[in-house]
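Structure first, commentary second.
Count residues from 1 along the sequence. The structure presented is a predicted model; accordingly, all values stated were derived computationally and were not measured.
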Amino acid sequence: MLTSGFFRIGVWKAGLRALRKDIVWDLKGEGRILGGVFVIGPGEQGILLDHVAKDFGDEVDPRDVMTAVEKINNYSTEKSQL
């Protein structure tokens with residue numbers, strides 16, 4: 001799995017993007033676990049955003065996160081007015 005992941009174009013794109021941004025590499029750990037982002041609203045709102053990384057360096061769009069957070073704030077405001 002490690003070598004097949006190495007040959008994926010997404011991995012190379014992420015690596016080049018990191019080099020251009022002068023990101024410090026973290027070479028500790030096993031190196032195969034990908035991350036994700038979840039925004040979970042209160043009560044019945046449930047999951048408002050789920051982004052699970054498919055490749056190394058797969059980033060969530062910050063605008064999507066802000067939109068999900070705004071939904072939480074709107075929900076909280078509506079509930080307090082009742």
Next on the checklist: If hydrophobic clusters are built by linking Ile, Leu, Val, Met, Phe, Trp and Tyr wherever their side-chain heavy atoms come under 4.5 Å apart, do V60 and V69 end up in the same one?
Outcome noted: yes
Next on the checklist: Going by the rule side-chain hydrogen bond (donor to acceptor under 3.5 Å, both in side chains), which residues pair with D61 if we only count those two or more places apart in sequence or in a different chain?
Outcome noted: R63
Checklist entry - Would you say the side chain of V39 lies within less than 4.5 Å of the side chain of I47, judging by non-hydrogen atoms? => result no
Item to check | Heavy-atom closest contact (A68 atom, L49 atom, distance) | outcome: CB-CB, 3.9 Å
Next on the checklist: Once rounded to the nearest 0.5 Å, what's the spacing between atom CD1 of I72 and atom CD of Q45?
Outcome noted: 6.0 Å
Checklist entry - What closest approach, in Å, do K71 and L48 show between heavy atoms, and which atom pair accounts for it? => result CB-CD1, 4.2 Å
